[in-house]
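Report on one structure; see the data block that follows.
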Amino acid sequence: MKTYRLGTDQLPFDLDLTLECGQVFRWQRTGNQWNGIVAENVVMISQDGEILTYDGMNEADLVRYFNLDLNVQEIISKIRASIAVYSGDTESHNDLQFEAAAATGSGLRIIRQEPWECLISFICSQNSNIPTITKRISLICERYGRPLGKKRFGFPSPADLAEREEMELRTCSTGYRASYLSGTAQYIIRNPDILSHIANCSIEDAKRELMKFPGVGPKVADCVLLFAYNRYEVVPVDVWIRTIITSLYPEVRNRRCNRKECSYNDIANFCREYFGSFAGYAQQYFFAARQDLSLSKDHIDERSDQPL
DNA sequence: ATCCAGGTACCCA
DNA sequence: TGGGTACATGGA
């Protein structure tokens with residue numbers, strides 16, 4: 001059992017929020033303690049203020065996995081600066097919507113997840129809620145992952161999944177996503193270097209490559225870019241973020257989507273312009289605060305009654 | 001019971 | 001290029 005003391009430039013850090021916010025689905029909580037698997041290692045970690053107590057990984061890997069070297073206070077400052085530039089007010093502009101979300105989410109850290117696990121996880125995520133996704137992934141690991149002792153399992157490799165028939169993968173509550181899982185696993189078997197190649201691509205090329213995988217569209221690709229490749233300017237747009245952004249920032253509506261629903265890129269591009277190079281972090285703060293925000297999902301219908 | 005959830009593929013104009 | 005729809009599952 002080891003300890004790690006967070007320095008002032010590594011705070012705020014909220015372990016619970018970080019592991020519960022829907023970026024990773026393999027950690028289990030028992031009281032204050034979290035148990036998970038990182039790179040086939042059984043890991044435990046708990047937090048008491050600025051002290052992390054952990055086991056199963058070394059300090060360098062802990063820092064790397066949780067991106068502890070990233071200064072979150074600076075990130076929030078940079079987001080504020082971008083908002084100010086966008087708003088044309090470099091002195092006193094204050095975005096209370098963002099500040100409220102950041103107050104809720106500031107201890108959240110985007111972790112450095114393994115691309116393969118992240119890819120499979122978010123293929124499983126589509127059109128599902130977080131408890132369902134978690135259950136699905138734990139079934140997949142239990143059935144096809146390497147046993148690591150006391151009901152713990154590694155994440156199955158591409159080969160582990162590629163050799164399964166679609167109907168077998170369906171027994172993991174994956175539904176129609178089963179064909180995407182085997183298809184993506186087979187794609188990786190045919191292109192064994194693709195995931196490391198993507199790490200060196202531009203964002204545009206990386207996204208294009210990811211979307212060649214069966215079952216990977218813009219949203220899943222963006223989640224992998226943000227949560228595994230740590231491209232912090234990327235903004236995955238799910239139904240929550242769509243509702244939040246269109247409700248809180250009506251200026252997202254432009255000529256193209258004034259009388260209809262904004263497209264995926266309308267929302268993602270607005271966020272990138274508005275929140276800047278850490279838009280993905282801003283997005284995570286809003287996602288973390290999604291339950292607290294009182295939002296109407298009917299804003300589009302309300303507007304569409306009005307003449308141009 | 002109904003609606004909805006960290007969406008995508010496919011079809012059609 | 002953009003809009004409509006089927007798709008499986010389980011939580012609230």
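Lettering of chains follows the sequences in order, A, B, ..., and the numbering in each one begins at 1.
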Look at atom [atom1] of [X] and say whether more than 12 heavy atoms of other residues, nucleotides or ligands are closer to it than 6.0 Å.
X      : atom1 : value
A:E165 : CD    : no
A:R146 : CZ    : no
A:R143 : CZ    : yes

Does [N] have OP1 or OP2 sitting under 4.0 Å from an N or O in the side chain of [X]?
X      : N      : result
A:R170 : C:dA8  : yes
A:S173 : C:dG10 : yes
A:K219 : B:dT8  : no

Write down the distance between [atom1] ([X]) and [atom2] ([N]), rounded to a whole number of angstrom.
X      : N      : atom1 : atom2 : answer
A:Q126 : C:dT5  : CD    : C1'   : 15 Å
A:M211 : B:dA9  : CE    : P     : 7 Å
A:L210 : B:dG7  : CG    : P     : 17 Å
A:K135 : C:dG11 : NZ    : P     : 6 Å
A:F287 : B:dA5  : CZ    : C1'   : 10 Å
A:L181 : B:dG7  : CG    : P     : 15 Å
A:I133 : C:dG10 : CD1   : C1'   : 11 Å
A:K212 : B:dA9  : NZ    : P     : 14 Å

Check: A:Y249 ring centre within less than 6.0 Å of A:F98 ring centre: no
Are A:Y232 and A:F275 an aromatic pair, judged by ring center distance below 6.0 Å? no
Would you mind telling me which of C:dA8, B:dT8, C:dG10 lies closest to the side-chain atoms of A:V220?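 Within the option list, the nearest is B:dT8.
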Want to settle it: does A:G215 or A:P236 sit nearer the 5' end of DNA chain B, counting the closest nucleotide to each?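 Residue closer to the 5' terminus by nearest nucleotide: A:P236.
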On DNA chain B, check which nucleotide each of A:D238 and A:V216 is closest to and give me the residue with the more 5' one. A:D238
Scan [X] against the nucleic acid and name what it touches under 4.0 Å (heavy atoms): base, sugar-phosphate only, or nothing.
X      : value
A:C257 : nothing
A:I241 : base
A:G22  : base

Should the side chain of A:Y264 and the base of C:dG2 be counted as holding a donor-acceptor pair, with the cut-off at 3.5 Å? no
State whether the distance check finds a donor on one side and an acceptor on the other, under 3.5 Å, for side chain A:N129 versus base C:dA12.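 When only heavy-atom distances are counted, A:N129 does not reach the base of C:dA12 through any donor-acceptor pair under 3.5 Å.
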Rounding to the closest angstrom, what is the interatomic distance between C:dA8 and B:dC11 at atom P?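 Looking at atom P only, C:dA8 and B:dC11 are 15 Å apart.
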